[in-house]
Number of protein chains: 2
Amino acid sequence: MRKLRVPAAAALASSTVENYLKQLYRQQRAGGGMVGMGQLASAMGVVPGTATSMAKSLAEAGLARYTPRNGVRLTAAGEQLALHVIRRHRLVELFLVKVLQLDWSVVDEEAERLEHAVSDRVLERMDALLDFPTADPHGDPIPSAHGRLHEPRRLSLANCPLGRPQTIARVLNQDRDFLQFVESEGLAPGAEVTVASRIVAAGAVKLQRRRRGELSLGLAAAAAMLVAPAKPARGEG
Amino acid sequence: MRKLRVPAAAALASSTVENYLKQLYRQQRAGGGMVGMGQLASAMGVVPGTATSMAKSLAEAGLARYTPRNGVRLTAAGEQLALHVIRRHRLVELFLVKVLQLDWSVVDEEAERLEHAVSDRVLERMDALLDFPTADPHGDPIPSAHGRLHEPRRLSLANCPLGRPQTIARVLNQDRDFLQFVESEGLAPGAEVTVASRIVAAGAVKLQRRRRGELSLGLAAAAAMLVAPAKPARGEG
DNA sequence: ATTTTTACTTTGAATAGTCAAAATAGCAAG
DNA sequence: CTTGCTATTTTGACTATTCAAAGTAAAAAT
Ligand SMILES: [Mn+2]
Ligand SMILES: [Mn+2]
Ligand SMILES: [Mn+2]
Ligand SMILES: [Mn+2]
């Protein structure tokens, strides 16, 4: 019986609020600091006025700070709640892939609903059954139960050094077709590739795969594939 | 004048509506036919006025028939939807017990939320992983994917023949403490017992358990324990 | 320094679900 | 019949979430 009750504000957030928090957390990461109402609105698929009123609500609930005409930003409490939602999302995704054998291209959609329905009790069991994993099927790191998240800064296929073998570490694009393509081309997390060349003007990145030969990617796609320098296999220099 | 939406049962019902449908299905079973607003309201924990307006909504959605001052009753479509929700609920409960090792005394509560968040895709996987089970942890039968449900009429410890060995088949009371008690006393589904005697005036039922000796139950508790005649073990008459 | 553009905020309205309290219908007695 | 009692239905209100459209501030352009 865990006593890991999250901070005060963690009371009961509706799934709507949870989704906004998650989104704010992401955009805050990406765009440093304040998130504008326009960005928030289009990311959430609502009109700007809706974003404004939600920003006010979040502020009122102590989950965010809102400055009119400037933007919103999560408070520490809001950030913690966001991280818990993200933890649920990612753990559920991994569970769906590992235990229920769902395809990694569909689990994001499923997790989007389940993340609001799994209790701490259930989540703990999943965590244990999966042996306390640190990354989801897309390579996204899983926040700890205490809401701590370590995101190593990584290069992508769009900016890593040429000619040096890289291991695919994380796929940022959760689009179904994209993920299916990535998998069918042998580029899922764990795969090893080398960037042979980049023709920036043409927006093309040429890859050399382990035993599958060449493959060209557009720059946007390449940028969505984060990598880590491959550990040289024994015998190689 | 609202637009009548009646495209099969596949429409999207909110979790609120799903909960009402489930409840109506149960009460319709129990009380045969029409369900009064008072009953519905108190079962759902809302005031009667709320039940009335929900009954109207369900009727408008083609999920129920509503006669003012008389009651509601599910249509075929509403019944189908209810059975699908019940299927999700029970399959999820079994999944939580078998795969995630949760205690059977808490899964009802968990399933109450998850039943609205699991997709058909996920449900199918659970079903397969559990090898197409026909009953949940409490012995409640699981409706088929087509919405068919077979509920064998059973006797309970309150009305089965005396002195004849019975197998516990189903526990109707989902109360946490009750379930914990039942399990701790070795009366979970599958267990074998014999009703030694009943003192109706005192409301007491005396049981003889396999290798645990005697146990007395109140009549209400006994009535919540459905049984089936035990198959005589080889060697016995 | 105006004007124009863009981004944002307000206002008014809608839907789902709910409660409190007042109005009623149906039946039960007297 | 007339009064009561109980179960229901209505009405008015409130929260959460959202949109449409009108108003406004700040930034960009001229
Ligand atoms: Mn979500
Ligand atoms: Mn993911
Ligand atoms: Mn439910
Ligand atoms: Mn059950």
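These numbers were taken from a predicted model, which means no experiment stands behind them. A note on names: the letters A, B, ... follow the listed sequences, proteins ahead of strands, and every chain is numbered from 1.
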Whole-Å distance separating the [atom1] atom of [X] from the [atom2] atom of [N]:
| X | N | atom1 | atom2 | value |
| --- | --- | --- | --- | --- |
| B:L12 | C:dT15 | CG | C1' | 15 Å |
| B:N19 | C:dG17 | CG | P | 11 Å |
| B:E60 | C:dA16 | CD | C1' | 13 Å |
| A:M54 | C:dC8 | CE | P | 17 Å |

Practice problem: Using a heavy-atom cut-off of under 4.0 Å over every strand shown, decide if B:T16 touches base, sugar-phosphate, or nothing. | Solution: sugar-phosphate
Exercise. Would you classify A:S57 as touching base, sugar-phosphate or nothing, given that sugar-phosphate means primed atoms plus P, OP1 and OP2, and contacts are heavy atoms under 4.0 Å?
Key: nothing
Exercise. Would you indicate whether A:R154, at its atom CZ, is surrounded by more than 12 heavy atoms from other residues, nucleotides or ligands within a distance under 6.0 Å?
Key: yes
Spatial distance of atom [atom1] ([X]) from atom [atom2] ([Y]) [nearest 0.5 Å]:
| X | Y | atom1 | atom2 | result |
| --- | --- | --- | --- | --- |
| B:L63 | B:L81 | CG | CG | 6.0 Å |
| A:F178 | A:L172 | CZ | CG | 8.5 Å |
| A:E93 | A:R88 | CD | CZ | 13.5 Å |

Quiz prompt | C:dC8 OP1/OP2 closer than 4.0 Å to side-chain N/O of A:Y66 | solution = no
Quiz item: Reckon A:K56 has a side-chain N or O less than 4.0 Å from the OP1 or OP2 of C:dT9?
Solution: no
Should [X] and [Y] count as an ion pair when the cut-off is N to O under 4.0 Å?
| X | Y | value |
| --- | --- | --- |
| A:E151 | A:R170 | yes |
| B:E124 | B:R121 | no |
| A:K22 | A:E115 | yes |

Practice problem: Using a cut-off of strictly less than 4.0 Å between a heavy atom of the residue and any atom of DNA chain C, enumerate the qualifying residues of residues 38-48 of chain A by number. | Solution: A:G38, A:P48
Practice problem: Tell me which of A:T50 and B:T50 sits closer to the 5' end of DNA chain D, going by the nucleotide each one is nearest to. | Solution: B:T50
Quiz prompt | Outermost DNA chain D nucleotides near chain A [under 4.0 Å, heavy atoms] | solution = D:dT17 to D:dA26
Exercise. Please list, chain by chain and in numerical order, all residues satisfying side-chain hydrogen bond (donor to acceptor under 3.5 Å, both in side chains) with B:E109, sequence neighbours excluded.
Key: B:R176
Quiz item: Do A:H116 and A:N19 meet the criterion of a side-chain donor-acceptor pair at a distance under 3.5 Å?
Solution: yes
